[in-house]
Amino acid sequence: MEAMKKGIIKLLIITGIAAAITGCGKYNEKAVALRDEGISQLDEGNYEEAIDLFNQALATSIGKVTDLEIDINYYKAAAQLKNGQFDDAIKTYTYLIKYDPDNYEAYFLQGSVYASEGEIGEALSDYDAAIACDVKNYLLYIEIYENLDALGYTDEGLVYLNNALAVSDKSAEAKYYKGRIYYILGQTDEAKELLNEAIDKDVIEAKLYLAKIYQDAGDYVTAQTLLEEYASSDEVTSEALAALGSIELSNGNYENALNYFEAGLNLESIDNMPELMQGQVAALEKLQRYSEAKEILTQYLESYPNDT
């Protein structure tokens, strides 16, 4: 069970508005400073210290609950999860749900904790509540499926994918996400049709998943063209570039993989720095550029000393 818990925690998302909250205006400057210090401790793997700092930040708040308090509680719950304090994390999410019962994120995260503990009934109840809050959030359906599948509850997860496909929605975004879902289900013809329709509506991300379909079919030339078109677009994200790098790495295209990982590291907004650096090291090793790999790995360990 312990291995499964670790698997689900990796899928949990930290939701917050840290970038939008500064130490000025309506927010308590001391609370913001403590929150920021707590996030730093969380990133470094010092979870006890992070929880203590988040509690100190919350203790400075008096009266009306603001976005800052909500933000701090999301980070606090993330630290509690990382520290193995599942019951405490549930309490934190329960508070967040009580404060804002129409926010799908707290339901989703609480459901994921229950799932990781094997309490599947409670998990599905929370997942259903999350969906009810945002019926057309197709990424939410996919994340629920991935969490359940990772824990061995694949049949329960498939229900959510099929429910997403049943949502009446002809938007370009719906075509993109439903194309992704058909890809997950192995229904490639349906996936290709919807992804191509999404591309025609300028949903650039659809090219990534269409490339995967061609790649799976052995058409590496078409797949590479789509990947390059996507990677050169203005909408590419650090997560997507990491995915592209991983695809190229698994195909033995180590130079291309390295280029994608480094492109991700050069973006202004980076949400997955550890993943990109790990990929960069793996690609450099495959290229036998060991001194460069060692240098990057040294930097990585300095930034993430608790990553065993």
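None of these values were measured; they are calculated from a predicted model.
For the pair N28 (side chain) and A31 (backbone), a donor-acceptor distance under 3.5 Å is present. Side chain of Y107 to main chain of D102: no donor-acceptor pair is present (N/O by atom type, distance under 3.5 Å, no hydrogens or angles). Under a 3.5 Å cut-off, the side chain of T92 and the backbone N or O of D88 do form a donor-acceptor pair.
Using a 4.5 Å heavy-atom threshold, the side chains of N253 and Y220 count as separate. N147 is listed as a side-chain neighbour of Y127, based on a closest heavy-atom distance under 4.5 Å. In this structure, the side chains of Y176 and R180 come closer than 4.5 Å at one or more pairs of heavy atoms. At a threshold of 4.5 Å between non-hydrogen side-chain atoms, the residues L185 and N162 count as touching. Side-chain contact between D52 and Q41 is absent, with no heavy-atom pair separated by less than 4.5 Å. For the pair I120/L148, a side-chain contact is recorded, criterion being any heavy-atom separation below 4.5 Å from C-beta on. Using a 4.5 Å cut-off on side-chain heavy atoms (C-beta onward), D216 and Y183 make contact. Inter-residue side-chain proximity for Y47 and L42 is flagged as met; some heavy-atom pair is nearer than 4.5 Å.
Remark: of the listed residues L165, I144, I181, L140, I144 is the sole one forming a side-chain contact (heavy atoms from CB on, under 4.5 Å) with Y160.
A side-chain donor-acceptor contact under 3.5 Å links T66 and E69.
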Next on the checklist: Is there a ring pair (Phe, Tyr, Trp, His ring centres under 6.0 Å) between Y304 and Y300? Walk through the geometry before answering.
Outcome noted: CA-CA 6 Å; Y304 307 101; Y300 181 91; 5.0 Å; yes
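Nearest heavy-atom pair, A211 versus A223, reported as atom, atom and distance to 0.1 Å: O-CB, 3.4 Å. P101 and C133 get closest at one heavy-atom pair: O-SG, 3.7 Å.
Linking ILVMFWY residues whenever their side-chain heavy atoms come closer than 4.5 Å, directly or via other members, leaves L109 and I97 in distinct clusters.
For R289 and E255, the salt-bridge test passes: some basic side-chain N is under 4.0 Å from an acidic carboxylate O.
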